[in-house]
Each structure stands twice: as structure tokens, then as C-alpha cells.
Amino acid sequence: MLFFSTELHAQFFGAEPDTASDNLLFTKEYGGSAIIHSNGWGLEFRIGRNKSFTNKLMFEANLLEMKDSKEIKSINPFFTNTRSYYYGKLNALYMLRGGVGMQKMLNRKPYFGGVELRIFYSGGISAAFTKPVYLHIIKLDEGSYRYITVVEKYNPDDHFPDNIYGRASFTKGFDELTLYPGLYVKAGLSVDFGTLNQRPKMLETGIVLDAFPKGVPIMAFKNADQFFLTLYISFGIGKRYD
């Protein structure tokens with residue numbers, strides 16, 4: 001009776017058809033997202049392909065900056081026009097992730113609009129890159145007996161809050177990147193609230209674990225971490241097509 005009454009409503013009162021046929025027509029999609037996570041920020045690119053009406057195969061790539069919870073911004077109070085820096089930070093950390101996963105639809109978006117919910121899980125290779133931190137260091141010029149600044153790689157045995165003038169250029173140290181290969185797993189919830197099926201708008205939240213066989217050094221006064229557990233939220237847009 002419910003099915004019969006729905007058909008009558010669609011035929012005689014001008015209701016729009018259900019979106020099920022649209023979801024079946026568009027079997028492929030791609031999209032990009034901006035990510036805010038508990039240790040920094042990142043970007044994501046994803047390609048998807050429907051394996052069935054409710055299940056979607058995903059291929060994803062992430063680029064992220066990872067900070068340490070012990071990072072505290074500092075400034076030298078004894079000199080003017082100094083630049084802020086993170087005392088004790090040995091390396092800046094960036095991660096590249098590449099993996100594959102599945103999405104499972106929890107509900108289909110109604111014909112009148114609303115949201116579509118999907119749970120997902122994925123995993124793959126995680127590559128961590130460390131870039132050494134360079135700082136402007138205050139030194140006494142023996143010839144002129146004046147203070148000058150020189151750029152040096154941070155060394156916790158030689159550099160202290162009283163002789164650090166500030167951080168050096170962001171690009172300094174990129175020629176000294178060190179690779180730490182590892183793996184990651186991810187799970188979460190995706191919400192599609194776009195008004196057009198061909199142009200999805202996605203809000204996503206989840207949890208990620210990155211694991212490395214060798215510790216990745218970030219701070220000078222703590223052990224290098226092998227595991228990075230982060231929570232994240234992202235916003236993305238995409239396109240569905242055949």
C-alpha cells in the first residue's frame with residue numbers, strides 16, 4: 001500500500017522521482033578536500049568507483065603537515081625585532097599517504113534533498129619526511145665586537161633561548177630531507193550534503209593511525225615517535241560521472 005500510494009503521489013501531485021537512478025548512472029567520481037587534524041593541516045585527492053549501489057572503492061592521496069604536541073612558540077625577549085620559533089624542535093615533519101579503501105552507504109539521499117551518510121575505512125603506505133630546523137643564531141663578532149646573526153641548523157647542545165634570534169627561511173633545509181617509510185589505517189564517517197548528485201559536497205570526520213618501524217624525530221627533548229594517532233575533519237568538493 002505504501003509503494004502504491006507513493007506512485008500515486010508522484011503521478012498526480014508532480015513529485016520528483018527518487019534519486020536512486022542517478023546514483024546508479026554515475027559510477028565514477030573524483031574530489032579534493034582540505035583537512036584540519038589534531039596535529040596540523042593537510043590536503044587530500046580521492047578517486048572513487050562504485051562496486052555496487054551501496055559500496056564504493058576509493059583510491060586516495062594525502063599531503064599533511066604534522067606538528068608535535070610539545071611544540072611551544074617562543075621569542076627572544078632580550079633583542080628587538082626577533083622572529084618566533086619553536087624551542088627544542090629538531091625537524092619539521094611532512095607526510096605523504098597513498099592508499100585504497102571502501103565506503104559503505106548508510107542511507108540514500110531522499111528525492112527532496114537532505115544528506116547521504118557513508119562509513120569508510122582505508123589504509124596504505126605512509127611516507128614521513130623530516131626537514132631539519134634552521135635558526136638565526138646570535139654571535140659576537142670578534143673583529144667589531146658587535147652582535148651578528150648567522151644561520152645554523154638547530155643543535156640543542158649549542159643553541160639556547162638567549163642566543164636564538166629566531167627561525168630562518170622556511171625553504172632552508174629542504175635539500176636535507178630524510179625519509180621514514182611506514183603504513184597507515186583510517187576510518188570515519190562521510191556526509192554528502194550537495195544539492196546536485198553530480199557535484200557532491202562532502203564533510204568528513206575520522207581517525208588515522210600512522211605507524212613507522214623507526215622513530216621519527218621531531219623534538220630534541222623527547223623520544224622519537226613511531227606512532228601518530230590523529231583525529232581530523234575535512235571539507236571537499238567533487239564530481240561524479242560515467
Side-chain angles (χ1 to χ4, degrees), residues 30-47 58-74 83-101 120-137 150-159 164-188 204-236:
Y30 63 86
S33 302
I35 302 170
I36 298 176
H37 61 86
S38 51
N39 284 5
W41 61 275
L43 300 171
E44 179 175 71
F45 180 74
R46 183 178 289 169
I47 298 174
M58 304 180 305
F59 297 92
E60 61 184 16
N62 296 174
L63 172 62
L64 308 107
E65 178 193 41
M66 300 289 286
K67 295 185 177 182
D68 192 278
S69 59
K70 301 295 184 180
E71 292 184 19
I72 299 176
K73 188 171 288 188
S74 304
R83 302 184 67 185
S84 62
Y85 66 98
Y86 295 99
Y87 181 65
K89 186 170 182 176
L90 285 171
N91 297 294
L93 174 59
Y94 305 95
M95 283 190 187
L96 279 174
R97 298 190 189 124
V100 62
F120 66 88
Y121 59 88
S122 62
I125 298 172
S126 184
F129 295 89
T130 57
K131 179 181 77 72
V133 171
Y134 278 80
L135 300 170
H136 287 283
I137 304 301
V150 296
V151 175
E152 294 181 355
K153 185 188 297 186
Y154 171 64
N155 184 341
D157 295 327
D158 298 329
H159 303 147
I164 298 175
Y165 188 79
R167 66 185 185 276
S169 171
F170 169 77
T171 59
K172 187 69 174 176
F174 270 107
D175 56 343
E176 302 176 58
L177 293 177
T178 302
L179 170 65
Y180 295 84
L183 300 173
Y184 81 94
V185 291
K186 180 196 297 186
E204 187 173 290
T205 183
I207 185 169
V208 189
L209 175 64
D210 295 274
F212 301 90
K214 183 179 179 182
V216 182
I218 301 178
M219 304 299 293
F221 307 113
K222 61 173 290 190
N223 294 329
D225 293 319
Q226 289 182 261
F227 303 98
F228 297 84
L229 184 66
T230 54
L231 303 174
Y232 77 93
I233 185 169
S234 68
F235 172 76

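Just the heavy atoms: all of them, side chains too, but no hydrogens, waters or symmetry mates, feed the values below.
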Examine the side chains of Glu176 and Tyr134 and answer whether a donor and an acceptor come within less than 3.5 Å of each other. yes
Nearest non-hydrogen partners of Gly215 and Ala224, listed with the distance: C-CB, 3.6 Å
What do the steps show when you test Asn91 against Ile218 for side chain to side chain contact (heavy atoms under 4.5 Å, CB included), and what is the final call? CA-CA 5 Å; Asn91 297 294; Ile218 301 178; 5.5 Å; no
For the residue pair Arg46 and Phe120, would you count it as a cation-pi contact if the rule is NZ or CZ under 6.0 angstrom from the ring centre and within 45 degrees of the ring axis? yes
Output for pair (Leu64 CG, Leu43 CG), nearest 0.5 Å, gives 8.0 Å
Test item: Lys222 and Asp68 side chains (from C-beta on) under 4.5 Å apart, heavy atoms: yes
What is the ring orientation for Tyr87 with Tyr154, classed by angle as parallel under 30°, tilted 30 to 60°, or perpendicular over 60°? perpendicular
Residue Leu179 excluded, over 12 heavy atoms near CG under 6.0 Å: yes
Using the rule given for side chain to side chain contact (heavy atoms under 4.5 Å, CB included), can you reason through Tyr184 versus Phe228, listing the C-alpha separation, both sets of side-chain angles and the distance that settles it, and then say yes or no? CA-CA 9 Å; Tyr184 81 94; Phe228 297 84; over 6 Å; no
Please name the pair of heavy atoms, one in Asn62 and one in Lys186, separated by the smallest distance, quoted to 0.1 Å. OD1-NZ, 3.3 Å
Ser122-Glu60 side chain donor-acceptor pair, cut-off 3.5 Å: yes
Against the six-membered ring of Phe170, is Lys131 placed for a cation-pi contact (under 6.0 Å from the centre, within 45° of the normal)? yes
Quick check on Asn223: does its CG atom have over 12 non-hydrogen neighbours (other residues, nucleotides or ligands) under 6.0 Å away? no
